[in-house]
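Okay, structure first, notes after.
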Amino acid sequence: LPCTLSDSPTSRQPVLRRVFPFCSLPLLSTSLIMAASVRTSSSLAKDFLSFVNASPSPFHAVDECVKRLKDAGFKKLSEKEDWSSQLQPGLKYYFTRNYSSVVAFVVGGAYKPGSGFNVIGAHTDSPCLKLKPISALSKAGFLQVGVQTYGGGQWCTWFDRDLKLAGRVLTRDDSTEEAQLAHRLVHIDRPLLRVPTLAIHLNRTLNTDGFKINEQTQLAPVLATQVKAQLDAAPAAATSESASSSSSPHHHPLLLRLLAEEMKCDPQQIEDFELCLADHQPAAIGGALDEFLFAPRLDNLLSSYCSLRALLEYASDAEAVARETNVQTVACFDHEEVGSKSFQGADSTLIDHFISRVIESLAPADMKLKNIREMTYSNSFLLSADMAHALHPNYTEKHDEKHGPAIHAGVVLKHNANQRYATSAVSAFLIRQVGKMADVPLQEFVVRQDMGCGSTIGPMLSARGLRTVDVGAPQLSMHSIREMCGVDDVDHYYNLFRSFFRNFTALDARLEVDA
C-alpha cells in the first residue's frame, strides 16, 4: 500500500479507498493496514503449500487429512462397523467414505444427548480432466489419452501446461492362493502429459474471435509419439515377461507400465483406476511482497486445510474439549463441483448417518431417542466454507459496486436472497461475533443482479435442518488450473475457524430466535 506505518488511521482512509474502492468495510482496521503494508509469509501459508502439493486428487487430499489426524491421535472409525462401544465424550475420531470424503470430530467432554454439532463443511474436489474408461487414442503419429471434463473448469488454462497424473488404482495379485485385492493411490509427479495449443499462424482469428475449444476433439493430452513408444516397448518386453504380454484394449500399454513402475507392481495386476490430470508446477508464495499464493485447487483445498488445522488445534486443548457440550466437526465432501448428488457427496446420506450414529452411540442404553435427533439438529450449526470471488482489477464491472471483496480484507460472508447461499441475518450475525472474538475482519458479497449466482453445499445441508452460513476466502482465477489468493487471508480463514470451535457454543446459547 502507498502509505507508511507512521500515517494516522484517518490520513490512510483516502489512500485505502483508492486501493480498496469496493471494500464493504466502513473502516479498515489499523491491524489490517499494518498487515497489508509489510512483507509477510505466514507459517500457515507455507504449510498449506505442502498440503496442496501433496493433494493432486481428492483421494490424496483425504490421505493428507488422514495422516494429520493420525498424527494428532484421532481414532479411525469404519461405517461398516458398530460405533456404540467406541465413542466416548472427550475423545476424537474420523472416518472416510470412498476415501474421497472425510469427517473428523471431537466429542465435547460435557456432551449430553440433544447437544448440537458445530460443523465446518468444505469439499475435496476441484475442476479437472479425468481419464475416460477407454483412454487409448492414437492420431497423427501421437499416443494420446482420452479425457472427460469434471466440473466447470476454465479449460483454456489447461493448454500448454506440464501435466502430471494422480488418483487411485485397483490391483489384483494372483501370486497367492487367494487373490489379493488392493486399493492404492498413485501420483506420477513429473511432467507426463500436455495439451498443446494450435499455433497462431494456423489460427489467425484467435485474438479476435476468442479461444474456443471443442472438448471432445481438442482437449486430448499427448502422452508420447508412436515411434518412440514402439522403440521403448522392445527393451521393456525383453526385461519383463509380463510387460511383453501386457496389452489392453482400453489403455495404452505405456501408460499402464508407467503406473506399474510408480506402484512397484506388474502391469498385469492393474484392474481399474480413477485418474485425473493435475498441474505439475508446485504451488508457491509470490508477488513483489510475497503476499500471494499461486496454487492449483485453492477452491476448495484451502477451506479443507484451514478447517482441519483449526480442529486439530482445538483438539489439542484438553481443557477446551472437557468443557465443551457440542460435537466439533469438520466434513470435507467429494463431488461438490458436480452437484454433490453421489454416494460420497454432501447431498447424500453421509451427514445424516454420521449425526444419527453419534447420537445413538452416546445415548444411555435406557434412553428413548424420540425427539433427540430433532433436538440435536436444532442445536447444530453449519459453517459452509467455499472460496469467494475477490474483486478483479481488470473486471471491476463484474461485481456489485457495494459488494467487492478485497484480498487481505478478511473472510467473505456470502448472501443470496434466492438461497443459492444459505446465509441468513441470524447466521451472519453469529459468525460476525465469532470473527470479532478473534479480530478477524469480515466482508460481504452479493452477486450482481444481472448475473447468475453459483452455489455451495450450504443450501442442501441447510435443508436438512442445520442452521447455516456461507463463507469463503477471497480469491482470483477461480476454476483456473492456477488460482491465486492472499497470504493474509489464510490466517484470517484459519483464525475464524479456530474461533468458531472455541466460542460458538457459548455464543449461540445467548441468542434465542424462536422463543
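Note that these values count all heavy atoms, side chains included, but never hydrogens, waters or copies made by symmetry.
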**Prompt:** So, S55 and H60: side-chain donor and acceptor under 3.5 Å apart, yes or no?
**Reply:** no
**K67/E64 ion pair, N-O < 4.0 Å** = yes
Side-chain H-bond candidate by donor/acceptor type, T456 with D386, under 3.5 Å: no
**Message:** For Y150, does the six-membered ring have the charged nitrogen or CZ of K130 within the cation-pi criterion, i.e. under 6.0 angstrom from the centroid and within 45° of the normal?
**Reply:** yes
* Is there a side-chain contact between L277 and W158, using heavy atoms and a 4.5 Å cut-off? -> yes
Which of R420, Q419, K414 passes side-chain contact (heavy atoms from CB on, under 4.5 Å) with N416? It is R420
Would you please say whether a donor-acceptor pair under 3.5 Å links the side chains of H399 and R448?
no
- Query: Going by heavy atoms in the side chains, are F117 and F381 under 4.5 Å from each other?
  - Reply: no
Start with the C-alpha distance between D334 and S100, add both sets of side-chain angles, then the distance that settles side-chain hydrogen bond (donor to acceptor under 3.5 Å, both in side chains), and finish with yes or no.
CA-CA 6 Å; D334 194 6; S100 59; 2.9 Å; yes
Electrostatic pair E271-R172, nearest N-O below 4.0 angstrom: no
Exactly one of C453, S462, S384 clears side-chain contact (heavy atoms from CB on, under 4.5 Å) with Y421, and that residue is C453
Okay, side chain of S42, backbone of A45: is any donor-acceptor separation there less than 3.5 Å? yes
W83 side-chain N/O to S78 backbone N/O, donor-acceptor pair under 3.5 Å
yes
Please evaluate residues K164 and H187 with respect to the criterion side chain to side chain contact (heavy atoms under 4.5 Å, CB included), reporting the C-alpha separation (whole Å), side-chain torsions for both, the decisive distance (0.1 Å), and the verdict.
CA-CA 8 Å; K164 59 184 180 180; H187 180 187; 3.1 Å; yes
Between the CG atom in L476 and the CD atom in E483, the distance rounded to the nearest 0.5 Å is 10.0 Å
Practice problem: Check whether any side-chain N or O of N53 sits under 3.5 Å from a backbone N or O of A283 as a donor-acceptor pair, and report yes or no. | Solution: yes
Between D299 and H479, do the side chains contain an N or O donor and an N or O acceptor separated by less than 3.5 Å?
yes
When every non-hydrogen atom of K92 is compared with those of A72, the smallest separation belongs to NZ-O, 2.8 Å
Q | Contact check, side chains of L185 and M263, non-hydrogen atoms, under 4.5 Å | A | no
Quiz item: Given L311 and V106, is the side chain to side chain contact (heavy atoms under 4.5 Å, CB included) satisfied, shown in steps?
Solution: CA-CA 8 Å; L311 184 68; V106 182; 4.0 Å; yes
Looking at E313 and R309, would you say the former's side chain and the latter's main chain have a donor-acceptor pair under 3.5 Å? no
Looking only at heavy atoms, the pair that brings L293 and L298 closest together is O-CD1, 4.3 Å
Is a side-chain donor or acceptor of S340 paired with a backbone partner of D347 at a separation under 3.5 angstrom? no
- Query: Regarding Q144 and H252, is there a side-chain donor-to-acceptor distance under 3.5 Å anywhere?
  - Reply: no
Quiz prompt | Side-chain donor-acceptor contact under 3.5 Å, S307 with R498 | solution = no
Treating N203 as the side-chain partner and A199 as the backbone partner, does any N or O pair qualify as donor plus acceptor under 3.5 Å?
no
* Show your reasoning for whether side chain to side chain contact (heavy atoms under 4.5 Å, CB included) applies to D489 and I407. => CA-CA 7 Å; D489 291 312; I407 285 177; 3.8 Å; yes
Closest heavy-atom pair, D470 versus P459, reported as atoms and distance to 0.1 Å, is OD2-CD, 4.0 Å
**Asked** So, do N98 and F59 sit near enough that their side-chain heavy atoms are less than 4.5 Å apart?
**Response** yes
Within 45° of the six-membered ring axis of Y377 and under 6.0 Å from that ring's centre, is NZ or CZ of R464 located there?
no
Would you confirm whether H251, through its side chain, and P133, through its main-chain N or O, come within 3.5 Å as a donor-acceptor pair? yes
Within the 6.0 Å centroid threshold, strictly below: F74 and F105:
no
Rounded to the nearest 0.5 Å, the CD1 atom of I457 sits from the CZ atom of F333 at a distance of 5.0 Å
key: NZ/NE/NH1/NH2 to OD/OE distance under 4.0 Å, R68 and D47   = yes
OH/Y99: more than 12 non-hydrogen atoms of other groups inside 6.0 Å
yes
Audit row: K398, H392, side chain to side chain contact (heavy atoms under 4.5 Å, CB included) steps and yes/no: CA-CA 8 Å; K398 295 297 183 179; H392 197 301; over 6 Å; no
Taken to the nearest 0.5 Å, the spacing of I355 CD1 from S380 OG works out to 5.5 Å
Taking the side chain as every heavy atom from C-beta outward, state whether R161 and R482 have any atom pair closer than 4.5 Å. yes
Correct closest heavy-atom pair for V447 and G452 would be CG2-O, 3.5 Å
Quick check: do L165 and L255 have side-chain heavy atoms less than 4.5 Å from each other?
yes
Original post:
Is there a donor-acceptor pair under 3.5 Å between the side chain of Q443 and the backbone N or O of A406?
Top reply: yes
Closest non-hydrogen contact found for L461 with A346 is CD2-O, 3.4 Å
Q) Would T197 and D160 satisfy side-chain hydrogen bond (donor to acceptor under 3.5 Å, both in side chains), going step by step from the backbone distance to the final call? A) CA-CA 6 Å; T197 54; D160 293 337; 2.7 Å; yes
Rounded to the nearest 0.5 Å, the CG atom of L170 sits from the CD1 atom of I270 at a distance of 10.5 Å
L137 side chain reached by V145 side chain, heavy atoms, under 4.5 Å:
no
Rounded to the nearest 0.5 Å, the CG atom of D82 sits from the CG atom of L77 at a distance of 10.5 Å
Heavy-atom donor-acceptor pair, T124 side chain to A61 backbone, under 3.5 Å:
no
Does a donor on one side chain and an acceptor on the other come within less than 3.5 Å for H353 and E79?
no
OG1 of T329 to OH of Y93, rounded to nearest 0.5 Å, is 12.5 Å
> Just by distance, do the side chain of S499 and the backbone of L496 share a donor-acceptor pair under 3.5 Å?
Replying inline: no
Check your understanding: Given side chains that start at C-beta, do those of L163 and V195 come closer than 4.5 Å, heavy atoms only?
Key -> yes
Correct closest heavy-atom pair for F343 and R97 would be O-NH1, 2.8 Å
Evaluate F211 against F159 for ring-ring contact (aromatic ring centres under 6.0 Å, His included), listing each step before the verdict.
CA-CA 11 Å; F211 193 80; F159 283 74; 5.0 Å; yes
What do the steps show when you test D125 against R297 for salt bridge (Lys or Arg N to Asp or Glu O under 4.0 Å), and what is the final call? CA-CA 8 Å; D125 61 320; R297 301 177 296 281; over 6 Å; no
Exercise for review: Could you tell me if the ring centre of Y494 sits under 6.0 Å from that of Y305?
Suggested key: no
The ring pair (Phe, Tyr, Trp, His ring centres under 6.0 Å) partners of F497 (sequence neighbours excluded) come to Y493
